[in-house]
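Beneath this line is the structure, given in structure tokens, with notes to follow.
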Amino acid sequence: MVRRRALILVEGHRGTGQLYVQAAQCLGLHPITLTADPPRYDYLSAENVEAIRVDTGNLEALVRESSRLRATHDIAGITGFAGDHESIYATVGKLCRHFDLPGPNPESIERSCDKFKQRQLLAQAGVPIPAYRLAANAAEVESSAAEIGLPVILKPAVGSGSMGVRLCRSLEDVAEHTTHLLGGKHIWRSTPKILVEEFAQGPFYSINVMGNEVVAICANDFGPLPHFVIREVTYPALLTDQERERIADVSLSCLRALGLGWGPTNIELRCTKRDPVVIEVNPRLSGAPDPQLVQLAYGVDLVTEHIKLVIGEEWDLRKKHSHTAAARFLLPDQDGTLDWIGGDTQAAAISGVAEVKLNVEPKTPIVRKGDFRDWIGHVIATSPSRAETEGALQRAVDLIEWSITPFPATIRGDREHDVCGAFGRPTSSVPIRH
């Protein structure tokens, strides 16, 4: 019997999981997903991907299952996805080490996933970061905010996707969001600890690194404060050569400070008046649609090149062209029931539009959370010209409309602590068109 070359994928990802499956197949690999919840990822059944249910938080269980698979398959490599809890990627590193396969350093991943430890290591290395404190209770949060000076940002010390992150302009905001985080509303996957940070202000950039090479820098635009929900992503960011070089230098300093430099890393920073200030280092590939945008802008397939590294082959990060690629995320402006959404077919037909994707169906309840889960869809456009890309993106977005009917007052009242404390009360009692 011919043993198939298999790529083991630990857990899945709603954004990039399907890209990994397709890229693996194009490389002649048989993707096998190990996940605690196979139905969570629609693409597994859509792509007819072999999926095995296993406790992915249990390293011994993963070793047993991988050993069983190795009896019938040639395991070419193992990788996986951080998801809501980034520690899984550290588990991937441990699994790779157990089977003597290429993989990330799990200790470096774990240090990076703890935002407080990450801050400490960056500060020790002289990397510019916001002022910060770690707090375990409401009194510590309040005193930390007073020491740093308002406004401050509160965020869980461990987490991803901007979940639980909020700008607080007053002590009342601080107290309210602390109650939200520590009072049972936020799901903690580790000991509850809150990072209190200075609000660094300036243009926000996201840097895609593979190994020790800066591949691409994009500009991010956010929706309304007090949350940090990405509204638009543009590749490449408009930077001078000097700015680009400075951002690259700071990014590589982060890798050295954290012991990273194998595989993909995503670094987020703001260019303040004094210096680029590092907001976060994520020891993984950026989530969708960034890999698609990098491929559209430069012809570099980060997913395929990452898999090549995972299976011990040589990657190719050379840029094939230089276009502008941008994505706009569709964000609801109130909570309620989605009556209808449409215009996606017409939007997709516009010249320069590469993808239109809707994440919701009619009659879906919309409850904004102030993080990536608020996205109800996105549009991607690309062309050799920045102006043409921006124009196509706007024309497509203008064609997409939806209507939301606010929840009845009784339901709305039940949700106000979760939603209205962050966003204000619903703007209207009638359906809204966009």
Side-chain angles (χ1 to χ4, degrees), residues 86 89 104-105 107-132 153 160 195 197-222 228 230 233-287 290-291 293-295 297-300 302 305-306 309 315-320 322-325 386:
E86 305 208 338
Y89 199 53
N105 182 322
E107 290 80 21
S108 297
I109 300 295
E110 287 174 337
R111 286 195 297 266
S112 301
C113 290
D114 184 319
K115 293 180 173 62
F116 179 65
K117 290 180 182 175
Q118 180 188 121
R119 287 270 177 270
Q120 288 180 309
L121 291 168
L122 293 176
Q124 289 168 13
V127 176
I129 58 173
Y132 69 98
I153 292 173
S160 64
L195 203 61
E197 284 186 355
E198 169 194 4
F199 179 33
Q201 300 186 55
F204 190 102
Y205 300 106
S206 179
I207 299 92
N208 294 270
V209 181
M210 289 290 272
N212 289 296
E213 183 174 339
V214 174
V215 179
I217 303 173
C218 72
N220 286 1
D221 179 44
F222 293 91
F228 297 90
I230 295 176
V233 180
T234 306
Y235 285 86
L238 277 177
L239 297 164
T240 65
D241 290 344
Q242 186 177 5
E243 288 169 336
R244 192 176 296 106
E245 185 176 339
R246 179 64 179 132
I247 287 173
D249 286 347
V250 170
S251 299
L252 297 179
S253 296
C254 291
L255 301 187
R256 291 190 291 270
L258 298 172
L260 301 172
W262 187 95
T265 306
N266 169 243
I267 297 162
E268 299 173 342
L269 56 76
R270 286 188 183 270
C271 282
T272 67
K273 291 178 180 178
R274 67 177 188 272
D275 227 342
V277 171
V278 174
I279 304 300
E280 204 158 285
V281 179
N282 301 300
R284 54 170 171 76
L285 191 69
S286 294
D290 284 70
L293 293 171
V294 171
Q295 188 165 8
Y298 302 113
V300 178
L302 293 178
E305 302 311 322
H306 180 208
L309 180 68
W315 63 18
D316 181 7
L317 301 176
R318 289 175 297 176
K319 295 177 180 177
K320 315 298 190 297
S322 185
H323 292 176
T324 297
R386 181 174 294 267

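Predicted model, so just to flag it, every value in this text is computed and none were measured.
Across Thr265 and Pro283, no two heavy atoms sit closer than the pair CG2-CA, 4.4 Å. Nearest heavy atoms, Val281 versus Val278: CG2-CG1, 4.0 Å. Between Asp114 and Phe116, the closest heavy-atom pair is OD1-N, 2.9 Å. The shortest non-hydrogen separation linking Ala219 to Ala237 is N-CB, 3.7 Å. Scanning all heavy atoms of the two residues, the minimum distance from Arg111 to Gly259 falls at NH2-CA, 4.4 Å. The nearest pair of heavy atoms linking Leu317 to Val300 is O-CG2, 3.7 Å.
Taking the side chain as every heavy atom from C-beta outward, Leu293 and Cys218 never approach each other to under 4.5 Å. Using a 4.5 Å cut-off on side-chain heavy atoms (C-beta onward), Ile109 and Arg284 make no contact. Ser112 has its side chain within reach of Leu260: a pair of non-hydrogen atoms, C-beta onward, lies under 4.5 Å apart. In this structure, Leu195 and Tyr132 have side chains that are in contact, with non-hydrogen atoms separated by less than 4.5 Å. At a threshold of 4.5 Å between non-hydrogen side-chain atoms, the residues Pro236 and Arg386 count as touching. Contact check for Ile247 versus Tyr205: side-chain heavy atoms found under the 4.5 Å cut-off. Residues Glu305 and Asp316 are in side-chain contact: their nearest non-hydrogen atoms beyond the backbone lie under 4.5 Å apart. Counting heavy atoms from C-beta on, the side chains of Pro130 and Arg119 come closer than 4.5 Å.
Put simply, SG on Cys271 and CG on Leu239 are 7.0 Å apart, with the number rounded to the nearest 0.5 Å. The line from CD1 of Ile129 to CD of Glu280 is 12.0 Å long, rounded to the nearest 0.5 Å. Here Ile279 contributes atom CD1 and Ile153 contributes atom CD1; the two are 6.5 Å apart, rounded to the nearest 0.5 Å. The CD1 atom of Ile267 sits 9.0 Å away from the CG atom of Asn282 when rounded to the nearest 0.5 Å. For the atom pair CZ (Arg246) and OG1 (Thr240), the distance works out to 12.5 Å, reported to the nearest 0.5 Å. Residue Ile230 holds its CD1 atom at 6.5 Å from CZ of Phe204, rounded to the nearest 0.5 Å.
The environment of CD in Glu245 is sparse: at most 12 heavy-atom neighbours from other residues, nucleotides or ligands sit within 6.0 Å.
For the residue pair Ser286 / Asn208, a side-chain donor-acceptor distance below 3.5 Å is found, with atom types taken as modelled.
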Trace of the side-chain contact (heavy atoms from CB on, under 4.5 Å) decision for Leu285 with Asn266: CA-CA 6 Å; Leu285 191 69; Asn266 169 243; over 6 Å; no
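A donor-acceptor pair under 3.5 Å is absent between the side-chain atoms of Arg270 and the main chain of Val277, judged by distance alone. Lys319 places a side-chain N or O within 3.5 Å of a backbone atom of Val215 that can act as its donor or acceptor partner.
The pair Glu197-Lys115 fails the salt-bridge criterion, with no side-chain N (NZ, NE, NH1 or NH2) lying under 4.0 Å from an Asp/Glu carboxylate O. Taking the charged nitrogens against the carboxylate oxygens, Arg244 and Asp241 do have a contact shorter than 4.0 Å, which makes a salt bridge.
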